[in-house]
There are 2 protein chains.
Amino acid sequence: METKIKIHLADDHQVLIDGLLAVLKTNPLFEVVGFSLDGEGLVDRVAENDAHVLIMDINMPEKDGIQVLREFSEKGFTCKVIILSSYDDPKLIKEVIKLGASGYLTKQSAGESILDAIMAVYEGKQYFSSNIKDKIFDIFTENNHREALKAEDAIANITTRELEILGYICEEKSGRDIGELLNISPNTVETHRKNLMKKLKVKSSVGLVLFATKHNLINLNQ
Amino acid sequence: METKIKIHLADDHQVLIDGLLAVLKTNPLFEVVGFSLDGEGLVDRVAENDAHVLIMDINMPEKDGIQVLREFSEKGFTCKVIILSSYDDPKLIKEVIKLGASGYLTKQSAGESILDAIMAVYEGKQYFSSNIKDKIFDIFTENNHREALKAEDAIANITTRELEILGYICEEKSGRDIGELLNISPNTVETHRKNLMKKLKVKSSVGLVLFATKHNLINLNQ
DNA sequence: TTTTACATCACCAATTTTGGTGATATACTT
DNA sequence: AAGTATATCACCAAAATTGGTGATGTAAAA
């Protein structure tokens, strides 16, 4: 009897987990060695169970899929990762591929394609569902995405400090408020704000907020 | 042999459908008589197969769960509906209950609770997952909900002119710009802005933009 | 008819933002 | 060692925003 492929599932929707468990149980090649409802401690759990393949959602509480992927590459794990997400945003796809994911499926995909994906990545190949392939094609061809790419570049050039200040601006805080919160001079805050406006090519704080909301740089709640 | 409970599944995520199929297949009491990946023609398909229970997501292409529920009550169907959604927004829960749904589960729920829910609604009872029960409790105690209601009131009190100006503010236009666009004095524009800020209880234009985006008062594109 | 709501405008003072330039220190690359 | 990126701060002037009060005309509602 040959070794089964060890699989770990991570998704905050337990119905989906339970469904996948039922699906994977039908095939003797696969063995689900664990599952997680959030990203907290996920990397360790995967390592513990020595899973070959991790099937993971992006949106998870505590720690999202992006952060988990980052941790994986930092710690140099060899476990293959398949992203199973509702979203097919080209930016997101590009990001997870860059971070070393071996496959990407949307939740619109059929259950069977998951089995194919697992086989493929286990054998060291990559696997993308057809709609994701289309999106990837878009990234490399379409001029349509110019704007988005420009924005992406801009986002990439935002420093962590600037992002922090952007967050406070999006909470209706004034320059002075932010200065007090961070124990820096309001002048410094305004410098950061100006640099942000220049980088993001907007004309005012309103523009900053719009950019942040459009590109999900901040979370609107609280 | 007694009659099986006939079930129809509707969700735009096929992996979830496939998962649920696998789960439901384990129990001989249930029979899945059909499934749909969108809301188009869903009502007719459910009627055709004479399903007892419909398990449905809210977010679906073509026609969402709310519209489907509306159609159900218009046509007077007796098929029980269980909503299976990612969201637990009190407003949404209230809405679907009003529209006659018999159950509401979040996708965070365990797969087994779906079986319980099906049994319950088939017997004419209602079924809500525990986190949904909490939300319903919130609606009646109105702790959480107060904010939302306040916001709704505020929205209702915005005049059309104010809304128009809010739109321009959300396009990064200055008071003077807006005045020129509308052929009114910048002073008037600022008065409108001030009234808006007072009504919406925000401290700055940034607050206005946040309010507008949160409540979909404007469209972010262009 | 009186009241209320709406849109309009003005004036004012205090504060904030915007848009520059320039400087310093630290850390990291090449 | 020189260059680059980042975070820090200062100073300045112009422009915009904010927070008031008060006033007018119009239209709709009580």
Side-chain angles (χ1 to χ4, degrees), chain A residues 70 73-74 98 150-215 217-218, chain B residues 150-215 217-218:
Chain A
R70 212 163 267 140
S73 66
E74 276 167 14
K98 206 177 69 189
K150 261 191 217 163
E152 224 182 292
D153 278 0
I155 292 170
N157 282 323
I158 299 174
T159 68
T160 50
R161 192 55 152 178
E162 284 167 351
L163 193 62
E164 194 179 4
I165 278 153
L166 180 56
Y168 285 118
I169 291 171
C170 292
E171 286 176 16
E172 290 195 68
K173 301 246 189 296
S174 74
R176 185 176 301 167
D177 290 343
I178 301 171
E180 279 169 23
L181 275 163
L182 300 177
N183 283 317
I184 57 177
S185 153
N187 295 313
T188 307
V189 176
E190 296 313 326
T191 301
H192 285 307
R193 189 209 300 270
K194 282 177 233 174
N195 290 335
L196 276 167
M197 289 196 291
K198 207 176 280 177
K199 282 182 184 177
L200 304 182
K201 294 192 177 59
V202 297
K203 290 182 297 189
S204 65
S205 293
V206 166
L208 290 178
V209 174
L210 287 170
F211 188 97
T213 54
K214 263 188 212 168
H215 297 93
L217 263 36
I218 54 151
Chain B
K150 263 191 213 162
E152 260 175 63
D153 276 2
I155 292 170
N157 283 322
I158 299 173
T159 68
T160 50
R161 191 55 152 180
E162 285 167 351
L163 194 62
E164 194 179 3
I165 279 155
L166 180 57
Y168 286 118
I169 291 172
C170 293
E171 286 175 18
E172 288 195 70
K173 303 245 187 298
S174 73
R176 186 176 299 169
D177 291 344
I178 301 171
E180 277 170 22
L181 275 163
L182 299 177
N183 282 315
I184 57 177
S185 154
N187 294 313
T188 307
V189 176
E190 296 312 327
T191 300
H192 285 307
R193 189 208 300 268
K194 283 177 233 173
N195 290 336
L196 276 167
M197 289 196 292
K198 206 176 284 178
K199 282 182 186 178
L200 304 182
K201 296 192 176 57
V202 298
K203 290 182 297 191
S204 66
S205 294
V206 164
L208 289 178
V209 174
L210 288 170
F211 188 97
T213 54
K214 262 188 212 168
H215 297 93
L217 263 36
I218 54 152

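Each chain gets a letter, A, B and so on, in the order the sequences are listed, and its residues count up from 1. All values below come from the heavy atoms of this structure, side chains included, with hydrogens, waters and symmetry mates left out.
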Output the rounded distance in Å from [atom1] ([X]) to [atom2] ([N]).
X	N	atom1	atom2	result
B/N183	C/dC9	CG	P	9 Å
B/E190	C/dC9	CD	P	13 Å
B/I165	D/dT17	CD1	C1'	15 Å
A/L182	D/dC9	CG	C1'	15 Å
A/K203	D/dA15	NZ	P	16 Å
B/L200	D/dG19	CG	P	14 Å
B/N195	D/dT17	CG	P	16 Å
A/H192	C/dG20	NE2	P	19 Å

Test side chain to side chain contact (heavy atoms under 4.5 Å, CB included) on B/V189 and B/D177 and set out the steps.
CA-CA 10 Å; B/V189 176; B/D177 291 344; over 6 Å; no
At less than 3.5 Å, do the side-chain atoms of A/K198 and the base atoms of C/dG19 form a donor-acceptor pair?
no
Step by step, work out the side chain to side chain contact (heavy atoms under 4.5 Å, CB included) result for B/K198 and B/K194.
CA-CA 6 Å; B/K198 206 176 284 178; B/K194 283 177 233 173; over 6 Å; no
From [options], pick the nucleotide closest to the side chain of [X]?
X	options	result
A/S205	C/dT17, C/dT16, C/dC6	C/dT17
A/I184	D/dT8, D/dA7, C/dT16	D/dT8
B/R193	C/dT18, D/dT17, C/dA7	D/dT17
A/T159	D/dA10, D/dA7, C/dA10	D/dA7
B/S174	D/dT18, D/dC9, D/dA16	D/dA16
B/K194	C/dT18, C/dG20, D/dG20	D/dG20

List the atom of B/V206, the atom of A/S205, and the distance in Å for their closest heavy-atom pair.
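In this case the closest contact between B/V206 and A/S205 is CG2-CB, 3.8 Å.
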Touch class at under 4.0 angstrom, heavy-atom based, for B/T188 against every strand present
base
Reckon A/T191 touches a base, only the sugar-phosphate, or nothing at all at heavy-atom distances under 4.0 Å?
base
Euclidean distance, A/M197 CE relative to A/E162 CD, rounded to 0.5 Å
11.5 Å
Is the phosphate of C/dT16 approached by A/R176 (side-chain N or O, under 4.0 Å from OP1 or OP2)?
yes
Return no unless some side-chain N or O of A/T160 is found under 4.0 Å from OP1 or OP2 of D/dT6.
no
Applying side chain to side chain contact (heavy atoms under 4.5 Å, CB included), run through A/L200 and A/I158 and close with a yes or a no.
CA-CA 9 Å; A/L200 304 182; A/I158 299 174; 3.8 Å; yes
